[in-house]
Number of protein chains: 4
Amino acid sequence: MSRGNTRQRIQDVALELFAERGYEKTSLREIAEQLGVTKAALYYHFKTKEDLVTSLFEDLVLGPADEVIDWARQHRPTTLETKLEILSRYSACISHATPMVRFMHENQAALRELSIGDEMKRRIFTLLELIKDEDAALVDQVRCTSALFTMHSALFTLDSSGAAPEEKRKAALEVAQELVSAAHHGE
Amino acid sequence: MSRGNTRQRIQDVALELFAERGYEKTSLREIAEQLGVTKAALYYHFKTKEDLVTSLFEDLVLGPADEVIDWARQHRPTTLETKLEILSRYSACISHATPMVRFMHENQAALRELSIGDEMKRRIFTLLELIKDEDAALVDQVRCTSALFTMHSALFTLDSSGAAPEEKRKAALEVAQELVSAAHHGE
Amino acid sequence: MSRGNTRQRIQDVALELFAERGYEKTSLREIAEQLGVTKAALYYHFKTKEDLVTSLFEDLVLGPADEVIDWARQHRPTTLETKLEILSRYSACISHATPMVRFMHENQAALRELSIGDEMKRRIFTLLELIKDEDAALVDQVRCTSALFTMHSALFTLDSSGAAPEEKRKAALEVAQELVSAAHHGE
Amino acid sequence: MSRGNTRQRIQDVALELFAERGYEKTSLREIAEQLGVTKAALYYHFKTKEDLVTSLFEDLVLGPADEVIDWARQHRPTTLETKLEILSRYSACISHATPMVRFMHENQAALRELSIGDEMKRRIFTLLELIKDEDAALVDQVRCTSALFTMHSALFTLDSSGAAPEEKRKAALEVAQELVSAAHHGE
DNA sequence: CATGAATGAGCATTCATTCAT
DNA sequence: TATGAATGAATGCTCATTCAT
């Protein structure tokens with residue numbers, strides 16, 4: 001049948017199920033069944049369940065996030081314009097990985113036990129450091145943290161608004177930029 | 001030993017573990033072991049694992065949230081001042097339940113399978129409806145959603161800031177009020 | 001049905017199967033099936049498969065062997081008579097645990113991965129030290145090692161001879177004592 | 001790379017692992033990995049796992065043992081001198097196959113399920129028949145059995161003595177001959 | 001109020017093996 | 001000669017739950 005793309009198909013189905021039912025609740029049996037293959041086939045492509053989820057992170061968010069971080073590091077000192085551009089770039093990069101972001105957001109407890117969880121946390125933390133000033137007042141730290149969370153959560157909430165994904169993304173970016181601007185003025 | 005308060009002790013330990021390790025990863029065996037009782041003892045006090053987690057929600061957040069909602073419903077039409085007071089009251093009520101809020105926030109995927117999850121979602125949605133205007137622009141909807149999330153997440157993030165819980169809560173409330181004010185002006 | 005003795009029954013069946021089919025080849029399913037209980041029932045009584053085999057060693061050979069070792073340590077310096085008495089006592093103590101000894105002997109590769117294997121090895125080594133002289137010639141070391149092995153293996157070999165277990169044990173003890181005597185004279 | 005000798009290399013690695021970790025615990029995956037080939041490659045050279053282990057026996061011990069047996073059958077009636085020569089020849093022939101002997105000795109339970117196990121057992125039994133007198137007393141049967149075991153086990157025990165393999169082999173042979181001599185006199 | 005003993009269903013993982021290429 | 005991809009069956013183990021005592 002299909003050749004060579006099995007690995008990809010596993011990742012697709014896995015992400016869908018992980019996002020829908022949660023990491024712990026999703027068994028490899030379910031993934032295999034939905035794909036029409038055996039559990040053992042999954043193990044041919046991924047060493048463990050953790051390995052599978054790790055590959056999803058690496059392919060979908062870790063790389064892109066690193067690019068944003070790299071770009072930011074090459075544009076120091078970090079002016080307000082730079083900060084806004086960071087938000088803009090980050091927004092763009094996560095918009096291609098909506099299910100992943102949702103999964104990340106809604107399974108933080110589960111991810112804490114996975115080594116990839118730390119890895120991702122580190123990225124978020126680094127972005128936060130770039131966006132907020134070192135000695136920012138507490139309220140400004142809250143603003144910056146909130147800016148990041150807002151961009152994440154807007155991707156998969158506001159379903160009732162009936163807005164298109166791209167519109168939601170832009171609205172979230174706007175709010176995030178407002179928050180960071182306010183934090184910047186606060187110095 | 002201790003008499004009569006076993007139910008309470010189970011809830012305490014359960015919440016602690018649920019918040020720390022996640023709902024799915026926390027087994028009744030662990031809870032029982034940490035309490036020094038048998039698994040069967042838990043079943044004397046709670047019919048199921050879901051029953052246990054439900055009781056936590058009811059005792060710690062559902063009731064308080066309902067009070068805020070009731071108060072809000074008695075103060076219509078909802079002026080900006082009312083909205084800010086809603087935020088203030090909600091902030092106060094969740095501040096007594098930090099681990100619960102963290103648990104809620106980090107286990108959304110797991111909670112989705114639990115009936116209590118819907119219940120909680122309904123409260124959040126109702127609060128959101130009270131805070132945002134019916135025909136608010138998308139960006140204002142984002143602002144209001146973000147306001148609520150900010151208050152939640154500030155309770156258990158910003159650990160590195162070294163700030164006291166109460167300070168963090170106030171800072172989050174301030175940011176939330178700003179966001180809602182901006183959304184209100186937007187009309 | 002039967003109460004309180006389930007643990008014992010598990011041990012009995014487990015030892016029988018371990019000795020017959022080998023440690024690795026014997027699955028907990030088989031043990032459970034033969035007992036008419038669920039696999040999970042085994043786990044109520046023993047934490048792991050290793051735990052189960054460990055309990056067998058502790059109950060059947062470790063304790064008895066330690067008694068012989070203790071007795072030997074209280075009878076120093078170790079004269080030839082003492083050595084012969086050690087053999088005699090050891091022979092008596094293992095004769096109550098024939099299947100265990102066979103299991104031990106025929107599953108050394110498997111036991112090497114189990115922590116109880118080391119424990120047992122230590123006992124054998126200690127007995128050997130007590131039986132052979134410190135600076136014994138190589139050939140005498142072989143004699144002493146052989147004496148121990150002979151007592152072990154005679155318990156479950158020589159099936160074709162049609163001899164009664166007790167006769168075999170005595171014959172093995174005799175040969176073992178001869179070997180140790182020869183080693184002793186060798187000084 | 002290497003050509004034509006892959007079969008040999010598989011055997012080498014397999015024996016090493018079988019001896020070290022045991023037959024059951026050694027998976028074909030491990031063998032393949034250590035060789036840097038695929039599991040499927042093993043199946044090109046050996047029909048099954050049992051086939052692989054069988055080939056090891058045939059190449060390393062079955063043939064040599066048969067030679068000893070053949071020689072013995074041509075020197076009847078079996079005088080004491082003949083018996084001692086049998087031991088000597090057998091000792092020499094197994095000394096080239098130390099890991100195999102160790103494997104055989106420590107995996108008896110596992111081998112019992114393999115048809116090659118019977119085959120080997122038959123050789124040992126035949127040797128025993130040649131070495132002991134038909135109507136030997138029980139104690140003499142023990143002596144002869146022990147003689148054989150001693151030669152086997154001396155190959156891989158007595159590690160702490162620091163003796164060279166060849167010395168150990170000679171010492172074991174000496175003890176074995178003593179035992180058989182004693183059994184012979186016993187008539 | 002609580003335990004001891006057990007179950008049934010499930011899980012992640014591993015294994016020997018197969019087969020088209 | 002070998003590999004890439006897969007399977008079916010099994011394994012050790014854990015979990016939420018039950019129930020007689």
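Excluded from the calculations below are hydrogen atoms, water molecules and symmetry mates; all remaining heavy atoms, backbone and side chain alike, are included. So you know, we letter chains A, B, ... as the sequences are listed, proteins then strands, and number each from 1.
- Taking the side chain as every heavy atom from C-beta outward, M120(B) and L62(B) approach each other to under 4.5 Å.
- When the options T6(A), D12(A), N5(A) are evaluated for a side chain to side chain donor-acceptor pair (under 3.5 Å) with Q8(A), the one that passes is D12(A).
- Formation of a donor-acceptor pair under 3.5 Å by the E16(B) side chain with backbone atoms of P99(B) is not found in this model.
- Computed from coordinates, the E113(D) CD to dA16(E) P distance equals 15 Å when rounded to whole Å.
- Between H45(A) atom NE2 and dG4(F) atom P there is a gap of 12 Å when expressed in whole angstrom units.
- When the nucleotides dA10(F), dT7(F), dC13(F) are ranked by their closest atom to the side chain of K39(A), dA10(F) comes out on top.
- Remark on DNA chain E: of its neighbouring residues E50(A) and A41(C), the 5'-side contact belongs to A41(C), judged by nearest-heavy-atom nucleotide.
- Paired regions of DNA chain E, where each region holds three or more successive Watson-Crick or G-U pairs whose two hydrogen-bonding distances fall under 3.5 Å, are E:2-21 with F:2-21.
- A straight line from CD1 of I10(B) to C1' of dA16(F) spans 15 Å, rounded to a whole angstrom.
- Distance Y44(B) OH to dT18(F) C1': 16 Å, rounded to the nearest Å.
- At whole-Å resolution of the value, NZ in K47(D) and C1' in dC19(E) are 17 Å apart.
- Side-chain atoms of T26(D) come within 3.5 Å of backbone N or O of L17(D) as a donor-acceptor pair.
- Looking at residues two or more places apart in sequence or on another chain, you find a ring pair (Phe, Tyr, Trp, His ring centres under 6.0 Å) between F156(A) and H105(A).
- Of the candidates dA6(F), dT17(F), dG12(F), the closest approach to any side-chain atom of T48(B) belongs to dT17(F).
- Of the two residues contacting DNA chain F, namely R7(A) and A40(C), the nearest-nucleotide position lying further toward the 5' end is that of R7(A).
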Pair E106(C)-R21(C), salt bridge (charged side-chain N to carboxylate O under 4.0 Å, His left out): steps then yes or no: CA-CA 10 Å; E106(C) 297 185 339; R21(C) 327 221 311 104; over 6 Å; no

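- The CZ-P distance, from F46(B) to dA2(E), rounds to 12 Å in whole Å.
- Taking the centre and axis of the six-membered ring of Y23(D), the NZ or CZ atom of K49(D) falls inside the cone set by 45° and 6.0 Å.
- The side chain of K49(A) has dT13(E) as its nearest neighbour among dT13(E), dA16(F), dA2(F).
- Rounded to the nearest 0.5 Å, atoms CD (E33(B)) and CD1 (I31(B)) are 11.0 Å apart.
- Rounding to whole angstrom units, CZ of residue R21(B) and C1' of dC15(F) are separated by 14 Å.
- Under 4.0 angstrom from either OP1 or OP2 of dA6(F) there lies at least one side-chain N or O belonging to T6(A).
- In this entry the distance linking OH of Y43(B) with P of dT7(E) reads 17 Å, nearest Å.
- Using a 4.0 Å cut-off between charged nitrogen and carboxylate oxygen, E20(B) and R102(B) count as a salt-bridge pair.
- Contacts of residues 22-32 of chain A with DNA chain E (heavy atom under 4.0 Å): T26(A), S27(A), L28(A), R29(A).
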